[in-house]
Structures are given as C-alpha cells and as structure tokens.
Amino acid sequence: MEYNAQSLEKKWQEYWTNNRSFEPSEDFTKEKKYILSMFPFPSGRLHMGHVRNYTLSDSFARYYRQQGFNVLHPIGFDSFGMPAENAAIKNASHPKSWTYDNINYMKAEFKTLGFSFSKERELATSDELYTKFEQSFIIDMFEKGLLYRKKGLLNWCPHDLTVLANEQVVDGKCWRCDTAIVKKDMNQYYFKITQYSDELLAGLPKLETGWPKQVLTMQENWIGKSNGLEFDLFFDDKSKNKLNSKFESFDVFTTRPDTIYGVSYTALAPEHDIVTYMIENSLLSQEIISDIQKMKNTSSIDRQKEKLGISLGLDVIHPLTRKKVPVWIANFVLMDYGSGAVMAVPAHDDRDYDFAKKYNLSINAVIKPFEGEAKVGKAYTEVGKLFNSGEFDGMNSKKSQYNIIKHFEENNIGKKTTNYKLKDWGVSRQRYWGAPIPFVHCNSCGIVMEKKENLPISLPDDVKITGEGNPLEKHPTWKYCACPTCGGDAVRETDTMDTFVESSWYFLRFCASKQNWEKEAFSEEQIKYWMKVDHYIGGIEHAILHLLYARFFTKVFRDLGYIEFDEPFERLLTQGMVLKDGAKMSKSKGNTVDPDALIEKYGADTARLFILFAAPPTQELEWNDSAVEGAYKFIKRFFDRSSNIVKTDTKPKINHSSLNKDEKFARKKVYEALVRANDVYNKKYTFNTMIAGVMEAMNALNTQTNTDVWTEAYWIIASIMEPIIPHVCWDISSNYFSLNNLSKQNVLDEVFIEDSMTLGVSINGKRRCEIRVKIDENKDKIIELAHEAAAKWLEGKTIVKEIVVPKKLVNLVVKG
RNA sequence: GCGGAUGUGGUGAAAUUGGUAUACACGCCAGACUUAGGAUCUGGUGCCGCAAGGCGUGGAGGUUCAAGUCCUCUCAUCCGCACCA
C-alpha cells in the first residue's frame with residue numbers, strides 16, 4: 001500500500017472527531033494531566049511558531065493519554081487586542097467579525113494538524129460569557145483594594161487625539177500621521193501587583209524543579225528587590241529661596257550607602273515634582289524647559305542610550321559632610337523607581353561616572369581595593385576598603401553598609417528601605433476591542449462598581465474604528481447610564497482592559513466543562529481536580545509579563561477564596577523562535593512558510609516530525625525545506641516497511657539469547673529509543689534526540705529479517721512515535737495491532753546486557769586508538785591492553801601516569 | 001543602556017554534564033536499479049596533507065592527566081524592557 005498522507009490523515013481526523021477521542025473524562029478519580037499551550041491571538045492564519053507550540057503540547061497530551069492519564073488539553077483564543085483594531089482601520093472591517101472569522105479559519109487549521117485538543121472547551125476571550133466573569137473578578141479586586149486609579153503617563157498623538165501603544169510610536173512619532181507624540185498624564189486603573197512583590201519573589205525557588213532557570217532569573221530581576229538607605233537631602237538656604245520655600249528637601253534611595261562620602265552631585269528624574277514646579281513657575285529658562293520636555297518625551301529605552309543632564313542651579317547639603325552638592329536632572333533617573341531622585345557617586349558607579357565625565361563634575365573616590373590601586377579612567381564598583389569616609393575609614397565597604405545605615409537611623413536622618421523595580425500594572429486601554437472596565441462615573445457617588453447581576457457590560461457593535469479618539473468615548477449613547485447606586489445620571493467608564501487580564505485566568509476557565517459556563521466561571525471541584533497545569537508550553541517572549549501576571553492572579557484568586565494553591569504552572573517549557581534564513585519569520589521580511597501549503601504537500605505528520613526533529617524545543621528553530629523533505633521520506637519509509645510485520649493483538653515474545661548479532665543489536669536500539677522517549681516527557685524535552693534514536697533503530701532493523709523482531713519493534717515504535725506523528729501511527733497500529741500497542745510500553749533490561757565493550761585509549765589526552773575489553777575486566781589488564789594497542793605512540797617515552805575511567809577510556813600520560 | 005540566552009562540519013544539530021568531539025538528519029560525492037529520475041537502495045563524507053601526521057567546538061588567555069563542558073576577558077546574534085500578544 002502506498003503512503004498517502006492526505007487521505008490517511010483525513011481518515012483519522014474524522015475518526016477522532018466522531019469518537020470524541022480527546023475529550024477529558026469527568027471521572028475525577030482517575031489520575032490527571034493538564035497540558036496547556038499558550039493560546040493564540042487570532043491573527044488570521046497559524047504561523048510556524050503556533051505549529052511548534054501546539055505540536056509540543058499535543059505530544060505531551062498524547063503521551064500521557066497512552067500512559068493512562070485523564071488528559072485535559074484545551075485550546076482557546078486570546079481574541080481581544082489591538083491588531084483587530086489595526087485591521088479594522090486598514091480594511092474598514094469590524095474587529096468582531098475580523099476576529100471571529102479568523103478564529104473559524106484557525107480552528108480548521110488545528111484540525112488538519114491533528115492536534116488532540118478538547119474541542120468542547122474551546123473559548124474566545126472576547127466571548128461575552130468570558131467578559132462577564134472577568135468583570136466580576138475585577139469588581140472583586142476593586143473591593144479588595146487591589147484595583148485603583150491614578151495618573152499615569154501615556155503616549156499621546158495630538159493629531160489623532162488618541163493614546164498610542166509603544167509599538168505604534170515610531171521614532172517618537174505617531175505611526176499613522178507622523179505627528180511627534182507627547183507624554184500625557186491621564187487617569188488610569190492599576191492592579192496593585194506590588195502588594196504581592198515579596199510573594200511573587202519568594203515563590204520563585206519553589207518553581208525551580210519545573211521552570212527553566214533563565215525564566216526564574218528574569219522574573220527575579222524584573223521584581224528587582226533591593227535593600228538600601230533612604231534619606232532626605234536638604235536644600236541650602238539660597239536654593240530654598242529660589243524655590244519659594246515650597247521645597248525643603250527631596251528623598252533619595254541608594255543601594256550603596258557605603259559610597260555616601262563620595263557623593264558629588266545628585267540627580268532628579270525629569271518628571272520629578274521639583275522640576276515640574278520649577279517649570280510651572282518659570283524658574284528655568286525657556287531653553288532649559290524645552291530640553292526637559294524633549295527628555296520627557298523620549299522613551300525609557302532611548303533615554304538610556306545617551307546620558308543627558310541639565311543643571312538646575314540648586315544645591316543640597318551633604319547629610320554627613322555638610323558640604324554643598326549640586327542638583328541636576330538626569331535622563332537615566334527613572335521617576336517610577338525609588339523616589340525619582342538619586343545621589344550620584346561617580347567614583348563608584350558606572351553611570352554616574354559617565355555622567356560626571358560628560359558634565360565635568362567632581363569625582364571623589366572613597367573606596368579602594370584591599371590591595372593595589374583602582375584602575376584609572378573608570379568607576380571602581382567592587383568591594384574594597386573605605387577612605388575619606390570620616391569615622392568609617394578603613395572598613396570593608398560591604399560590611400560598612402550596615403554601620404552607615406545604622407548611623408543614619410540613630411541620628412534620625414535616614415532609614416533602611418526595601419525597593420522593588422516592579423511597578424503596579426496599568427490595565428486601562430483607551431480602545432474599543434477589549435473588555436470594558438465595569439465601573440460607572442456618577443456625579444453624586446463618584447466611581448461606582450457595576451452590579452454583578454448587570455454583567456457583562458458588553459461592547460456596542462455599531463462603531464467605526466478610524467484610529468482617531470477613543471471609539472467608546474465617541475459613541476453617541478453607549479456610555480450614558482443610570483448610577484447603580486443612586487439611580488441618577490452617570491457615564492460608563494470608557495477604558496477597556498489590557499488583554500493580559502484575559503490571559504491571566506484562562507487556564508482556570510478551561511477547568512470548567514461547558515455545560516456550566518453560563519452559571520459559573522469554574523467550580524471548586526473542577527479546579528481542585530485539574531489544577532495545577534502540569535505542563536505549560538509557550539514562547540520565551542512571555543517569560544516575564546504574562547507569566548508574572550498569571551502568577552499574580554493566582555495569588556489574588558486564592559486570597560479571594562476561589563482557589564487553594566499559590567502557583568498555576570507546575571512545569572514550564574519555553575520554546576524558541578522559528579527562524580528562516582537566520583531571521584524571525586515575518587511577513588515584512590517575506591520569509592514565512594505557510595503551514596497550510598506544507599500540510600497540503602507533505603501532510604501534518606511531516607510538519608510535526610520536522611519541527612520536533614530539527615532542534616530541541618527551547619532553542620531557535622531554523623527552517624529548512626530539504627530537511628522537511630527528509631522528514632517526509634522517513635515517514636514514508638516507516639509506513640512502507642510496516643509490510644515486514646505480522647498482524648497481532650499482543651506484543652510478540654522473543655527469546656533474546658536465540659537471536660543473532662544483528663537481531664540483538666536492532667532490538668537493543670528499539671529499547672534504547674523507548675528509554676529515551678520516556679525521558680523526553682519526564683525531564684529533558686529533547687524530542688530531537690529521541691527521534692534520532694528511533695531512526696537509529698530503524699536503520700538497525702533494516703540489517704536483519706526476523707519478523708518477530710520487526711513486529712515487536714513496530715509495536716513499540718508506533719507507540720512512542722504516536723505523540724509526534726499520530727496519523728501514520730494510528731494507521732499502522734490499527735492495521736496490525738488493533739490499536740492495542742498505543743499504551744504504556746515496558747522496557748526489557750535483558751536486551752541491554754553485553755559482555756564486552758570498547759574503550760578509547762588516549763596519550764596525553766589525545767585519543768589514539770581503542771581496545772575491546774570484557775565488561776568486568778580489571779584495571780591492570782586494561783592498562784596492559786592499552787599499552788599493546790598504543791605501543792606505537794609509547795616508543796621512547798616514559799609513562800608518568802595511567803588513568804582508567806571505567807566504561808569510558810584509558811589515558812596514558814607520557815614524557816620525553 | 002539594563003536583564004536573559006545562544007555561538008560546534010557545507011547545513012540543522014548530538015555529546016550520559018569534566019572522560020573516545022561531530023550521533024541522527026539535510027546536503028554533497030560515488031555506485032546499483034531504471035527508458036528516465038527531482039523516485040528507491042548501498043557506500044563514502046570535519047578541515048589541511050600523497051602520506052606519516054597536524055589542526056579543529058565564535059575569538060584570546062587560564063585551571064586539569066583530560067575542557068564543547070569549569071574560570072577570566074572579548075566579539076557576534078537573538079529575546080524582554082511594563083500600551084504587541
């Protein structure tokens with residue numbers, strides 16, 4: 001029979017659908033696995049990154065089904081978000097129809113790829129039922145004080161009168177009309193994620209067994225906990241007068257109190273209150289004011305590229321030396337970290353050093369190395385010995401931090417403080433295609449929560465997305481409503497929510513079976529059974545934000561009493577990007593590979609096999625058309641050679657000792673592949689080497705003709721390859737084994753027993769030859785054999801050392 | 001700029017974590033079969049060299065009997081930087 005991927009795959013896809021093969025059981029006494037891949041934004045068509053993501057999760061899901069687990073492997077769509085509006089602007093379409101058309105198309109694509117998703121739990125986050133519960137949670141969080149309103153700086157296009165996302169700002173200009181953007185201070189909603197800073201940080205070590213270390217490190221750095229000293233710097237009288245006595249001092253935070261005597265200037269963020277006051281009261285020249293404006297309108301990343309400063313003509317008094325210290329504005333001082341002001345020690349901080357050099361400010365060293373001298377021409381940032389530091393002279397700089405903080409505290413001029421880089425999470429979006437924030441602004445009651453029975457607050461359908469203004473704000477009627485508290489005239493909040501909110505709890509929603517979706521977000525019983533997610537698979541680009549937000553929501557839901565665990569994801573697998581010609585696949589570069597075309601030509605199994613074989617999942621994947629061809633040929637060979645096997649409902653029993661050398665070797669290779677397969681799902685995720693193992697087994701099988709060996713091999717290989725190339729494996733398994741082999745496979749140790757082995761022989765670490773020895777050969781005999789084999793290289797030399805590494809090699813160290 | 005990663009044949013990659021570098025595959029070369037081959041099968045293939053041998057894991061040093069793996073410095077590429085998802 002000829003291998004025909006298209007008809008074979010279609011046949012099994014229909015079979016799986018008709019048999020509801022992948023719907024989880026409601027029998028909660030069975031052992032479960034919850035396999036989740038990050039759900040996609042419905043951009044229109046699947047791209048290779050998606051194929052990689054879902055091939056990985058599908059392999060896990062299928063593997064655990066074979067192992068007898070009750071598997072939940074759901075899928076949905078993260079369907080709110082800006083691209084739907086961008087498409088609407090571009091094609092004069094409606095975000096809703098664009099989104100749901102895309103979803104339908106992509107669902108069909110999932111089917112052709114043979115992904116074993118539970119179709120009955122499919123959801124889109126833009127569904128009203130999803131919005132309903134999300135809004136309800138938002139209200140809960142508001143009541144708990146975890147959601148609040150404050151001013152925040154946004155990118156504002158003065159021409160389109162709209163807020164721009166960072167990606168819509170190109171070189172400081174609006175992407176649509178090229179107008180220079182300005183930063184605008186607007187009221188926005190924030191989640192108080194900082195209330196959980198410590199817990200989010202403390203939870204990281206518990207994830208060490210299941211999460212990649214790099215992700216934990218990135219999150220740790222992102223939360224950015226640091227201990228240090230906080231103190232006030234007081235203006236001298238002259239400066240105080242300049243400021244009309246409005247400000248006495250400002251607050252600074254430092255993680256290096258040991259360098260306090262080295263302070264030679266201080267720097268404020270351009271957004272600092274004092275700067276704002278000086279601008280508003282014309283205490284600075286027009287020229288300086290416009291420089292400050294320019295600085296403020298520069299993105300935080302661009303600001304760090306070139307250090308810029310502006311002298312304010314003010315001085316503060318050093319808290320210990322009582323000397324005058326000039327006050328500057330510096331573009332690298334961030335308003336939202338610490339107090340937006342720093343003490344600068346150019347002698348011992350790289351940034352401060354560059355800045356001082358540029359503006360010719362003094363550099364006062366106060367720490368020197370324990371031995372020798374510090375390098376000239378750069379900041380000395382290492383630990384050392386204090387000098388020029390008053391009573392602290394001679395102390396170890398690291399240890400002096402404690403003493404200096406103590407000194408500040410005893411004299412009541414400063415205190416020990418902990419700071420975090422983590423900021424509260426701004427969730428307001430001034431856009432249409434998102435979940436409305438369920439609040440109402442009432443003239444008499446102020447900001448009022450919507451009543452839960454009125455949820456969901458749905459979006460109006462009759463809008464035109466033009467890219468100008470906020471569509472909900474502009475809508476003629478939508479925002480007008482009665483106050484839920486007093487019944488008086490009120491207006492709805494027109495901000496919608498960040499789409500990261502939806503993706504912060506979708507994994508909980510998946511636990512609920514569809515018949516209860518109207519009634520509740522999820523049930524306690526279902527959550528208890530399915531959570532946590534056993535394997536979570538997605539792109540490394542989500543290492544920080546999405547994963548941190550999902551962890552935050554989990555802790556909040558716990559504190560709201562909805563769930564009983566602290567962390568949502570037991571194990572995390574972060575996949576690398578899919579590249580072509582060394583670059584990320586993108587439409588603009590024209591280097592995309594269309595999954596549909598690939599499936600049409602070779603079938604889904606080929607696409608899946610190539611993707612898992614070409615690189616380990618955590619690494620970048622370089623696309624290669626001829627390697628895809630190779631994957632296809634392997635499957636075809638695998639299918640063709642199934643003609644060597646005989647029909648059976650049970651695995652053949654083989655007497656290993658009666659086999660010849662080639663047969664034994666083939667069997668050993670097959671079982672080696674099985675051992676590797678089990679390792680993949682449990683710890684290593686190295687599908688590529690597991691597949692290589694199967695290929696080795698196939699090559700070895702081909703050197704012998706024993707039908708039992710062939711049959712046993714296919715019984716096992718069709719089982720371990722089924723998670724990867726399911727269609728062809730189901731076909732073979734149903735043709736020959738009544739599908740009985742698609743189940744847990746046991747390793748037979750007897751096939752690994754050998755009586756001799758090969759050892760490498762090295763001279764001075766350089767491999768020269770090899771010897772064959774009995775498995776339990778003693779050391780002296782091994783050395784003797786090594787001497788014989790390496791005689792040529794030992795001539796005229798003296799052996800100074802002989803190293804035997806059991807089961808590996810012999811190294812002879814020679815001289816002369 | 002800050003934080004995180006990656007770098008091994010012509011190509012994608014492997015190496016049980018300090019122990020025979022290049023498994024498996026692509027490509028290439030040769031052969032077989034064939035009217036034909038962009039099908040299939042068999043064999044070969046790190047680089048230099050006729051050979052002996054030498055060299056070889058981005059680069060430069062170091063530790064070790066032994067380094068792709070550990071240390072120091074350095075270069076290049078990629079991811080994230082809070083309104084892309």
Side-chain angles (χ1 to χ4, degrees), chain A residues 38-41 43 78 80-83 86 152 154-155 163-169 188 212-215 217-218 220-222 224 299-307 332 336 350-351 354 421-431 498-500 503 539-546 548-549 574 576-577 579 582-584 610 613-616 618-631 633-634 636-637 640 679 686 688-689 691-696 699 702 758-762 764-770 800-803 805-814:
Chain A
M38 292 181 185
F39 62 166
F41 176 80
S43 55
D78 192 11
F80 273 136
M82 213 174 53
N86 292 347
L154 300 174
N155 303 315
V163 173
L164 299 177
N166 288 335
E167 80 163 5
Q168 294 175 317
V169 178
Q188 300 193 86
K213 198 161 191 278
Q214 59 163 308
V215 174
T217 309
M218 284 159 98
E220 188 184 334
N221 292 337
W222 186 262
S299 77
S300 58
I301 294 170
D302 289 337
R303 278 189 204 186
Q304 291 164 50
K305 284 181 185 148
E306 191 194 359
K307 289 176 186 64
F332 61 85
D336 40 27
D350 292 323
R351 287 171 312 175
D354 292 346
K421 286 205 188 100
L422 184 66
K423 300 186 281 194
D424 276 339
W425 170 14
V427 286
S428 287
R429 298 292 181 269
Q430 292 68 35
R431 281 182 241 291
D498 179 7
T499 56
F500 273 124
S503 54
I540 183 69
E541 66 272 21
H542 297 290
I544 297 175
L545 292 181
H546 162 60
L548 194 67
Y549 293 155
T574 48
M577 313 279 279
L579 310 178
K584 185 178 171 177
F610 167 74
F613 181 56
T618 51
Q619 244 173 71
E620 286 169 349
L621 173 78
E622 177 68 32
W623 196 265
N624 180 331
D625 288 327
S626 52
V628 174
E629 183 87 33
K633 285 180 190 168
F634 172 81
K636 195 166 147 28
R637 260 197 312 274
D640 291 343
D679 276 356
T686 45
N688 55 330
T689 55
I691 294 164
V694 170
M695 288 173 169
E696 284 178 45
N699 292 344
N702 225 26
T758 304
L759 293 183
V761 178
S762 299
N764 291 341
K766 178 89 194 163
R767 183 182 178 277
R768 292 298 179 181
C769 55
E770 58 186 37
V800 284
K801 206 164 180 183
E802 287 161 331
I803 293 145
V805 183
K807 300 195 162 77
K808 304 272 185 197
L809 54 72
V810 182
N811 189 19
L812 304 175
V813 185
V814 302

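So that the names make sense, note that chain A is the first sequence line, chain B the second, and so on, each numbered from 1.
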Checklist line | Ionic contact status for A:R351 with A:D354, cut-off 4.0 Å | finding: no
Checklist line | Given B:C83, B:C24, B:U42, the nucleotide with the shortest approach to the side chain of A:N702 | finding: B:U42
Note to self: Quick check for you: among B:G4, B:A85, B:A23, whose closest atom lies nearest to any side-chain atom of A:L545?
What the structure shows: B:A85
Margin query: Suppose you measure atom P in B:U64 against the same atom in B:G12; what distance do you get, rounded to whole Å?
Written below: 35 Å
Note to self: Side-chain N or O of A:R768 versus OP1/OP2 of B:A52: is the shortest distance under 4.0 Å?
What the structure shows: no
Next item on the list: For A:W222, report the nucleic acid contact type (base, sugar-phosphate, nothing); a contact means any heavy atom under 4.0 Å.
Entry: base
Notebook entry, point to check: Closest heavy-atom contact between A:A543 and A:V215?
Noted result: O-CG1, 3.6 Å
Margin query: Side chains of A:L548 and A:L422, heavy atoms from C-beta outward: is any pair under 4.5 Å?
Written below: yes
Check: With side chains defined as the heavy atoms from C-beta onward, is the minimum distance between A:L759 and A:V805 less than 4.5 Å?
Finding: no
Next item on the list: Would you mind classifying the nucleic acid contact of A:H542 as base, sugar-phosphate or nothing, using non-hydrogen atoms under 4.0 angstrom?
Entry: base
Checklist line | Interatomic distance at P, B:G3 relative to B:G58, whole Å | finding: 24 Å
Note to self: At 4.0 Å (heavy atoms only), tell me whether A:L154 reaches a base, stays on the sugar-phosphate, or touches nothing.
What the structure shows: base
Next item on the list: Determine the interatomic distance between C1' on B:C83 and the same-named atom on B:U74; round to the nearest Å.
Entry: 38 Å
Check: A:K423 has a side chain; which of B:A25, B:G19, B:A82 sits nearest to it?
Finding: B:A82
Note to self: Can you measure A:Q619 atom CD to B:A5 atom P for me and round it to whole angstrom units?
What the structure shows: 14 Å
Checklist line | Integer angstrom distance from the C1' of B:G46 to that of B:C81 | finding: 41 Å
Checklist line | Side-chain N,O (A:N699) to OP1/OP2 (B:A25) below 4.0 Å | finding: yes
Notebook entry, point to check: Hey, does A:Q188 have a side-chain heavy atom less than 4.5 Å from the side chain of A:L154?
Noted result: yes
Check: Would a distance-only check, ignoring hydrogens and angles, find a side-chain to backbone donor-acceptor pair under 3.5 Å from A:N811 to A:G765?
Finding: yes
Next item on the list: Quick one: label A:R637 by what it contacts on the DNA or RNA (base, sugar-phosphate, nothing), any heavy atom closer than 4.0 Å.
Entry: sugar-phosphate
Next item on the list: Please tell me if the side chains of A:V628 and A:W623 come closer than 4.5 Å, counting only heavy atoms from C-beta onward.
Entry: yes
Margin query: By the rule that syn is within 90° of 0, classify the base conformation of B:G9 as syn or anti.
Written below: syn
Next item on the list: Tell me what A:A614 touches on the nucleic acid: a base, only sugar-phosphate, or nothing, going by heavy atoms under 4.0 Å.
Entry: sugar-phosphate
Next item on the list: Would you indicate which nucleotide in B:C84, B:G12, B:A14 comes nearest to any side-chain atom of A:F613?
Entry: B:G12
Check: Looking for any heavy atom pair under 4.0 Å, which part of the strands does A:N811 touch: base, sugar-phosphate only, or nothing?
Finding: base
Margin query: Once you measure the plane-to-plane angle for A:W425 and A:Y549, does it fall in the parallel (<30°), tilted (30-60°) or perpendicular (>60°) bin?
Written below: parallel
Note to self: Looking at A:N764, I'd like to know whether one of its side-chain N or O atoms comes within less than 4.0 Å of OP1 or OP2 on B:A66.
What the structure shows: no
Next item on the list: Side chain of A:A692 only, please: which of B:C65, B:A23, B:G1 is the nearest?
Entry: B:A23
Next item on the list: Taking only the side-chain heavy atoms of A:M218 (C-beta and beyond), determine which of B:G3, B:A85, B:A82 contains the nearest atom.
Entry: B:G3
Next item on the list: Please report, rounded to the nearest Å, how far the C1' atom of B:A66 is from the CG atom of A:L812.
Entry: 12 Å
Next item on the list: Would you kindly compare A:V215 and A:A627 by the position of their nearest RNA chain B nucleotide and give the one closer to the 5′ end?
Entry: A:V215
Next item on the list: Indicate, with a heavy-atom threshold strictly under 4.0 Å, whether A:D302 touches base, sugar-phosphate, or nothing.
Entry: nothing
Checklist line | Donor-acceptor contact below 3.5 Å, side chain A:Q304 vs main chain A:S300 | finding: yes
Check: At under 4.0 Å between heavy atoms, what does A:G539 touch on the DNA or RNA strands: base, sugar-phosphate, or nothing?
Finding: nothing
Checklist line | Bracket string, RNA chain B, 5' to 3' - pairs by Watson-Crick or G-U geometry under 3.5 Å, | interstrand | finding: (((((((..(((......[....)))((((((.......))))))(((....)))..(((((..]....))))))))))))....
Check: Within the side chain of A:Q168, is there an N or O that forms a donor-acceptor pair under 3.5 Å with the backbone of A:A165?
Finding: yes
Next item on the list: Using the C1' atoms only, state how far B:G56 lies from B:G68, rounded to an integer number of Å.
Entry: 11 Å
Next item on the list: Identify whether any heavy atom of A:L579 sits under 4.0 Å from a base atom; if not, whether one sits that close to sugar-phosphate; answer base, sugar-phosphate or nothing.
Entry: nothing
Next item on the list: Select one nucleotide: of B:U20, B:C84, B:A14, the one nearest the side-chain heavy atoms of A:E770.
Entry: B:U20
Dump every N/O contact between nucleotides 16-18 of chain B and the protein below 3.5 Å, one line per pair.
from  : atom 1 : to     : atom 2 : distance (Å)
B:U16 : N3     : A:K808 : NZ     : 2.8
B:U16 : O4     : A:K808 : NZ     : 2.8

Next item on the list: For the side chain of A:N166, starting at C-beta, report the closest nucleotide among B:C84, B:A85, B:G3.
Entry: B:C84
Margin query: Just to be sure I understand the rule, does A:P616 reach a base, reach only the sugar-phosphate, or reach nothing, if contact means heavy atoms closer than 4.0 Å?
Written below: sugar-phosphate
Check: For A:N86 and B:C83, what is the distance between atoms CG and P respectively, to the nearest whole Å?
Finding: 16 Å
Next item on the list: Using a 4.0 Å heavy-atom cut-off across all strands, classify A:F500 as base, sugar-phosphate, or nothing.
Entry: base
Notebook entry, point to check: Any side-chain heavy-atom pair from A:E541 and A:H546 closer than 4.5 angstrom?
Noted result: no
Check: B:C2 C1' sits how many Å from A:I544 CD1, rounded?
Finding: 11 Å
Margin query: Determine whether a donor-acceptor pair (one donor, one acceptor, N or O, separation below 3.5 Å) exists between the side chain of A:Q188 and the base of B:C83.
Written below: yes
Check: Does A:E620 get its side chain close enough to the base of B:C79, under 3.5 Å, for a donor-acceptor pair?
Finding: no
Notebook entry, point to check: Nearest of B:C79, B:C24, B:C65 to any side-chain atom of A:M577?
Noted result: B:C79
Next item on the list: Would you mind reading off the distance between A:R429 atom CZ and B:A82 atom C1', rounded to a whole angstrom?
Entry: 9 Å
Next item on the list: Please tell me which of the listed nucleotides, B:G56, B:A82, B:G12, lies nearest to the side chain of A:K766?
Entry: B:G56
Item checked: Inter-nucleotide C1' distance (B:U45, B:U6), Å rounded -> 28 Å
Check: Base, sugar-phosphate, or nothing: which does A:V800 touch, judged by heavy atoms less than 4.0 Å apart?
Finding: nothing
Notebook entry, point to check: Counting any heavy atom closer than 4.0 Å, what does A:S503 reach on the DNA or RNA strands: base, sugar-phosphate only, or nothing?
Noted result: nothing
Check: Reckon A:S428 touches a base, only the sugar-phosphate, or nothing at all at heavy-atom distances under 4.0 Å?
Finding: base
Margin query: Measuring only between side-chain heavy atoms, which start at C-beta, is A:T499 closer than 4.5 Å to A:F41?
Written below: no
Notebook entry, point to check: Given atom CG of A:L164 and atom P of B:C84, what is their separation to the nearest angstrom?
Noted result: 11 Å
Check: Rounded to the nearest Å, what distance is computed from the OH atom of residue A:Y549 to the C1' atom of nucleotide B:C81?
Finding: 11 Å
Next item on the list: Could you state the atom-to-atom distance from CD of A:E541 to C1' of B:C81 in whole Å?
Entry: 14 Å
Item checked: Span that lies between the C1' atom of B:U8 and that of B:C24, in whole angstrom -> 15 Å
Notebook entry, point to check: How far, in whole Å, is B:A25 from B:G49 if one measures between their P atoms?
Noted result: 29 Å
Checklist line | Anti versus syn assignment for B:U17, with syn defined as within 90° of 0 | finding: syn
